[in-house]
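Comments concern the structure below.
Predicted model, so just to flag it, every value in this text is computed and none were measured.
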Amino acid sequence: QVQLTESGGGLVQPGGSLRLSCAASGRSFSRYGMGWFRQIPGKERQFVASISWGSNSRNYADSVEGRFTISRDDAKNMVYLQMSDLKPEDTAVYYCARAETALAITTASRYDFWGQGTQVTVSS
């Protein structure tokens, strides 16, 4: 089993920044791709960003490209999402997840372990 715990969410004004962290424990972290997703109540979980094992490949949703950066520190079993120029439409619960493979996957169904989520609210 893999346990994923997100932190770093909160309330931020439009244009502000936040860094989300995801701590992984348990089996096999470094050989798998990792991703961030977000969800608004009543809507499907939405892909935000993903990173491959070895950090050679990253993918971003069009809506966050250029504003968000995903990174990982395999020595610390951590994944990060640096969010800048935040907009009200970024408000959601953000989830960290481990992919089934080493690739930077964009499809939620190909992630097998999920964290509990952290709330991000962008509002003035």
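Residue pairs that meet the disulfide (SG to SG under 2.5 Å) test with at least one member in residues 41-81, sequence neighbours left out, do not exist here. Contacts classified as side-chain hydrogen bond (donor to acceptor under 3.5 Å, both in side chains) and involving residues 81-91 (residues at least two apart or in different chains) are given here: R38-D90, R67-D90. For residues 58-84, no residue pair satisfies the ring pair (Phe, Tyr, Trp, His ring centres under 6.0 Å) rule, not counting sequence neighbours. Here disulfide (SG to SG under 2.5 Å) pairs that include residues 73-124, with residues two or more places apart or in two chains, are C22-C96. Pairs of residues two or more places apart, or lying in two chains, never qualify as salt bridge (charged side-chain N to carboxylate O under 4.0 Å, His left out) while including a residue from residues 43-55. Residue pairs meeting the side-chain hydrogen bond (donor to acceptor under 3.5 Å, both in side chains) criterion with at least one member in residues 108-124, sequence neighbours excluded: R98-D112, Q119-T121. Pairs passing the salt bridge (charged side-chain N to carboxylate O under 4.0 Å, His left out) check and including a residue from residues 3-21, sequence neighbours excluded, do not occur.
Taking the side-chain hydrogen bond (donor to acceptor under 3.5 Å, both in side chains) definition, one finds that D74 meets it with R72, sequence neighbours left out. Residues satisfying the side-chain contact (heavy atoms from CB on, under 4.5 Å) test with V120, not counting sequence neighbours, are L18, L20, M83, Y94, V122.
Both V64 and M34 belong to a single network of hydrophobic side chains, linked directly or stepwise wherever heavy atoms of I, L, V, M, F, W or Y lie under 4.5 Å apart. Placement of V2 and F37 in two distinct hydrophobic clusters is found when ILVMFWY residues are connected by side-chain heavy-atom separations under 4.5 Å, directly or transitively.
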Residues 47-56 side chain polar contacts: donor-acceptor under 3.5 Å, at least two apart:
from	atom 1	to	atom 2	distance (Å)
S50	OG	A104	O	3.2
S50	OG	I105	O	3.2
S52	OG	N56	N	3.2
S52	OG	S57	N	2.9
S52	OG	S57	O	3.4
W53	NE1	S30	O	2.6

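Closest heavy-atom contact between M78 and S21: CE-CB, 3.7 Å.
Considering CD1 of I70 and CH2 of W36, their distance stands at 8.0 Å, rounded to 0.5 Å. Q46 contributes atom CD, which lies 12.0 Å from atom OG1 of T106 (distance to the nearest 0.5 angstrom).
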